[in-house]
Amino acid sequence: MTVMVPTARPTAPVRERLVAVVALALSLAVSRLPLRVQIAAVRLLRGLPDARLSRLEALHTAVLAVTPSWWPGRIACVEISLATVIATALTGRRSRWVLGARFLPDAAHAWAEVPEGAVGRDIGDAVDRPWMPVVAVP
C-alpha cells in the first residue's frame, strides 16, 4: 500500500501574500486573453526599474504560497510566472516574462527573470536539457 504525503506549501510574509493574491487574480484574468494581448500588457511595464533577484524570489514564493489547490482551471508555469511578473510590477519594479522551449522531449515552459537570474526556470529535470528562451517580455 502506498501512502501519499502532501508536499508542504511555501510560506511568505502577509504583505507579500497580499500582493501575490492580487497578482495571481490578474494573471488568471489576463491568461484568458490571446497571447499577443498578454505580451502587449506585460510590455506596458517597460519603464519600471529592474527588481533584484532576492525580491523576485520572495514574490515567486509568495505566488506559490497563495496558489489555490481548489481552483478548477489551469494554474501552471505560464500563470505562475505571469503572476510573479505582475507582483513585481505592483511593488514598483520590473522583471521579464520568458516563454521558452526545449527539445528531446519537446516541451514548453515559462519563467520570470531579472538580469541577476531567474525563478521558475529550473524545474528539476532540465539539467541536461536546458530551456531556451523563445520570447522575453519586456
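In what follows, every heavy atom counts, from backbone to side chain, and hydrogens, waters and symmetry copies are set aside. Numbers here simply count residues along the sequence, with the first being 1.
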Give a yes or no on whether V119 and V137 share a hydrophobic cluster (residues Ile, Leu, Val, Met, Phe, Trp, Tyr; joining criterion: side-chain heavy atoms under 4.5 Å apart).
no

Hydrophobic cluster membership, V134 vs L35, 4.5 Å side-chain cutoff
yes

Calculate, to the nearest 0.5 Å, the distance between atoms CD and CD belonging to E116 and E57 respectively.
9.0 Å

Of all the heavy-atom pairs spanning L99 and A110, show the shortest one and how long it is.
CD2-CB, 3.6 Å

If hydrophobic clusters are built from ILVMFWY residues whose side chains come within less than 4.5 Å, do V30 and V63 share one?
no

Using a 4.5 Å cut-off on heavy atoms from C-beta on, say whether the side chain of R102 contacts that of P130.
no

Measure the CD-OG distance between Q38 and S31 for me, rounded to the nearest 0.5 Å.
5.0 Å

Within 45° cone and under 6.0 Å: R121 NZ/CZ vs W131 ring
no

So, do W71 and L28 sit near enough that their side-chain heavy atoms are less than 4.5 Å apart?
yes

Nearest 0.5 Å, what's the CG-CG distance between L90 and L45?
9.0 Å

Only pairs under 3.5 Å count here: list side-chain donor-acceptor contacts from residues 75-89, not counting sequence neighbours, and write none if there are none.
| unit_1 | atom_1 | unit_2 | atom_2 | d |
| --- | --- | --- | --- | --- |
| E79 | OE1 | R74 | NE | 3.2 |
| E79 | OE1 | A76 | N | 2.9 |
| E79 | OE2 | R74 | NE | 3.1 |
| S81 | OG | C77 | O | 2.7 |
| S81 | OG | V78 | O | 3.1 |
| S81 | OG | W97 | NE1 | 2.9 |
| T84 | OG1 | H60 | ND1 | 3.3 |
| T84 | OG1 | I80 | O | 2.9 |
| T88 | OG1 | T84 | O | 2.7 |

Would a single hydrophobic cluster contain both V22 and V19, if residues Ile, Leu, Val, Met, Phe, Trp and Tyr are joined by side-chain heavy-atom contacts under 4.5 Å?
yes

Which heavy atom in W111 sits nearest to a heavy atom in A118, and how many Å separate them?
CD1-CB, 3.8 Å

Which heavy-atom pair separates L53 from G117 by the least distance, and what is that distance?
CD1-C, 3.8 Å

With sequence neighbours left out, write down each residue that passes salt bridge (Lys or Arg N to Asp or Glu O under 4.0 Å) with R32, or none if nothing qualifies.
none

Is there a continuous path of hydrophobic side-chain contacts, each under 4.5 Å between heavy atoms, that joins L24 to V21?
yes

Output for pair (R96 CZ, D50 CG), nearest 0.5 Å, gives 9.0 Å

Check whether R94 reaches the backbone of R46 with its side chain - one donor and one acceptor, N or O, closer than 3.5 Å.
yes

All heavy atoms of P138 vs all of S95, minimum pair found to be CD-O, 3.6 Å

Inter- and intrachain pairs under side chain to side chain donor-acceptor pair (under 3.5 Å), touching residues 14-25, at least two apart:
E16-R55

